[in-house]
Number of protein chains: 2
Amino acid sequence: MENFKQVPKATLHRYPIYLKALRKLKSEGIERVMSRELAEYVAIESTTIRRDFSFLGNLGKQGYGYNVNDLIRVFSEQLGMNFDEKIILIGCGNLGKALLNYNQWNHVVGEIVCAFDLAPEKVTGTSVPVYSMDEFALRKPEGCRIAILCISKDIQKTVDFLVDNGIFGIVSFASEHFTVPEHIIVKQIDVVSSIQELVFEANSVSENEGVKSNA
Amino acid sequence: MENFKQVPKATLHRYPIYLKALRKLKSEGIERVMSRELAEYVAIESTTIRRDFSFLGNLGKQGYGYNVNDLIRVFSEQLGMNFDEKIILIGCGNLGKALLNYNQWNHVVGEIVCAFDLAPEKVTGTSVPVYSMDEFALRKPEGCRIAILCISKDIQKTVDFLVDNGIFGIVSFASEHFTVPEHIIVKQIDVVSSIQELVFEANSVSENEGVKSNA
DNA sequence: ATCATCTTGTGAATTTGAAAACAAGTTCAG
DNA sequence: CTGAACTTGTTTTCAAATTCACAAGATGAT
């Protein structure tokens, strides 16, 4: 957030992985970790980890390692992770409802404040209010920047609408393809594509062995 | 599948994106596409696209472009995408059931043949049979290689169990961290991490503009 | 049939990312 | 307090991926 020295995209992609591992370590009561330990844990070279961390400042101590709590705090502050992102969800079908009932949002990135659906009266058993899409402008929470998309029709139209209404980050579970203006950030989540990639990878390594995998 | 000339990992990651876009084009009745058009559509440089395609053979014609149907067919055949992957799903909570009811599996990668749960008798309204984990060895479909993980407890134990039972590809929706042997391929799907990454990216580009985004 | 106009596929160059190597600072035992 | 043993952060080296640039082949209008 302060003086970003051009953090590489590849590094940005790994931060959530580190953060998750660090939270796990913290939950196990571990307060100190060395890059080499963490490396084994997340299957990323220790040298890569140290470099990734170095973009955020001098976080470790020679001969000691890193303090887990400090790391988590720096990640949160420096990367603008303020824990209270107001997120909205569009489309309350099976998947949408499953995400709404997912209880691990708090104190991680923020929370889903409300949801929108074409037929909100048919949606029952959710812990947050569900509004009609017609009420969007009226009901959109103050400061809301991110939307989770769980619809299967009219994707492009919906995306355009969201962008026009000030959303700049979209996490999409929609399987269909869509395009956005340059300044909008999209994260696609697609089981089918993941499985395809998995199959492609499997078939391509069967030819020449040797791939390191982890989660 | 035939003679893979070391397809780069980055390329492997883009194949599903192309495939999805191509299917969309096909559904719109478009039979011919040029790398430049496709580039604008998926926000990947045309030259990158041409190189990516070149790993699978000479698929295009100079002065003409690519035939959409041919491309889709080659992708499927060459990459071992045989449309009938027998997939299993572990954990039938909200999310698991949502995935089971997702109706766009057929003719894309294969299908979810059955599911497993600790308490299968409590799971209702699914279109595929749900078995107890105790019956795993007995019920696992012949030729099944891929499992979708939708559980929130005992992740590591479950993963170890699956690996011991011949699964080598895992698509995990579990938020918790786990490790696998080297030859196992894992695709993590995690809404929270995606949102984190999105926030990180947003905050880092606000400093220096200019990022191309798409879906 | 011919030619101007396209578009692919690929060597070469450039940019980007990862790994190795090491200097400098910290810890902890005695 | 002293020094051996560690571990970070960064410089340098190496590898991977992307982009450039262009030759070669195809098209379609005339």
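Quick note: numbers below take in every heavy atom, side chains included, and nothing from hydrogens, waters or symmetry partners. Just so it is clear: chains get the letters A, B, ... in the order the sequence lines come, proteins before strands, and each one is counted from 1.
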Using a distance-only criterion (donor-acceptor N/O pair, under 3.5 Å, no hydrogens), is the base of D:dT19 paired with the side chain of B:Arg51? yes

Check for a donor-acceptor pair, side chain of B:Tyr15 on one end and backbone N or O of B:Asp52 on the other, with a separation under 3.5 Å. yes

Out of C:dG17, C:dA20, C:dT8, whichever nucleotide has its closest atom nearest the side chain of A:Ala10: C:dG17

Which residue lies more 5' along DNA chain D, comparing B:Gly63 with A:Leu59 via nearest heavy atoms: A:Leu59

Return no unless some side-chain N or O of A:Tyr66 is found under 4.0 Å from OP1 or OP2 of C:dT26. no

Name the closest nucleotide to the B:Arg32 side chain, picking from C:dG17, D:dG28, C:dA20. D:dG28

Remember a base hit wins even if backbone is also touched, and classify A:Thr48 as base, sugar-phosphate or nothing at under 4.0 Å, heavy atoms. sugar-phosphate

Any side-chain N or O of A:Lys61 below 4.0 angstrom from OP1/OP2 of C:dT27? yes

Quick check: does any side chain N or O of A:Thr11 sit under 3.5 Å from a backbone N or O of A:Val7, one acting as donor and the other as acceptor? no

C:dA20, D:dT8, D:dG25: which one has an atom nearest the side-chain heavy atoms of A:Gln62? D:dT8

Pick the nucleotide of DNA chain C nearest each of A:Tyr64 and A:Thr11; which residue has the one closer to the 5' end? A:Thr11

Answer yes or no: are there more than 12 heavy-atom neighbours, outside A:Lys61 itself, under 6.0 Å from its atom NZ? no

Can A:Lys26 and A:Asn69 be counted as having a side-chain donor-acceptor contact under 3.5 angstrom? yes

Rounded to the nearest Å, what distance is computed from the CG atom of residue B:Leu38 to the P atom of nucleotide C:dT8? 10 Å

With a non-hydrogen cut-off below 4.0 angstrom, is B:Ser35 in contact with a base, only sugar-phosphate, or nothing? sugar-phosphate

